[in-house]
Amino acid sequence: MHPLYNIVLRDLATDIEQMSEEGHDEAALRDELNRARGAGSLDALVALQEELWRRPSPPGYPYE
């Protein structure tokens with residue numbers, strides 16, 4: 001396993017927590033994380049993280 005795997009995994013958990021506070025569906029985000037973890041690669045985790053970073057806040061979220 002790549003030495004950064006657990007670091008990215010921890011960061012993704014933080015990203016998901018913050019996104020759920022913005023109004024994103026936490027269960028759906030955790031499902032996405034579990035699918036990426038199932039791939040067992042750092043590349044899959046990083047791809048998910050980059051995709052989450054590009055995802056806009058839900059409509060009505062008052063902050064940018």
Side-chain angles (χ1 to χ4, degrees):
M1 184 176 305
H2 194 283
L4 294 177
Y5 185 89
N6 288 326
I7 293 170
V8 174
L9 191 58
R10 184 194 66 224
D11 289 348
L12 271 165
T14 300
D15 291 341
I16 288 171
E17 182 180 324
Q18 291 173 344
M19 290 178 77
S20 71
E21 290 173 3
E22 292 178 6
H24 289 273
D25 181 351
E26 183 174 359
L29 293 171
R30 294 216 177 271
D31 286 343
E32 290 180 62
L33 176 58
N34 288 334
R35 283 192 299 276
R37 285 182 73 182
S41 77
L42 178 63
D43 291 337
L45 292 180
V46 170
L48 174 60
Q49 188 173 46
E50 289 176 348
E51 195 279 321
L52 292 180
W53 288 346
R54 289 189 299 270
R55 205 173 282 185
S57 296
Y61 185 70
Y63 305 102
E64 213 172 289

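Computed from a predicted structure; not experimentally measured.
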Just to verify, what does [X] make a side chain to side chain contact (heavy atoms under 4.5 Å, CB included) with, not counting sequence neighbours?
X   : value
S57 : E22, Y61
L9  : Y5, N6, L33, R37, L45
R55 : M19, H24, L29, E32, E51, L52

Legend entry - Heavy-atom pair with the smallest gap, counting every atom of A13 and R30: O-NH2, 4.4 Å
Legend entry - Residue pair A44 / A39: nearest heavy atoms and the distance that separates them: CB-CB, 3.7 Å
Legend entry - side-chain hydrogen bond (donor to acceptor under 3.5 Å, both in side chains): pairs with one or both residues in residues 41-50, sequence neighbours excluded: D15-Q49
Inset, instruction - Give a yes or no on whether V46 and M1 share a hydrophobic cluster (residues Ile, Leu, Val, Met, Phe, Trp, Tyr; joining criterion: side-chain heavy atoms under 4.5 Å apart). - result: yes
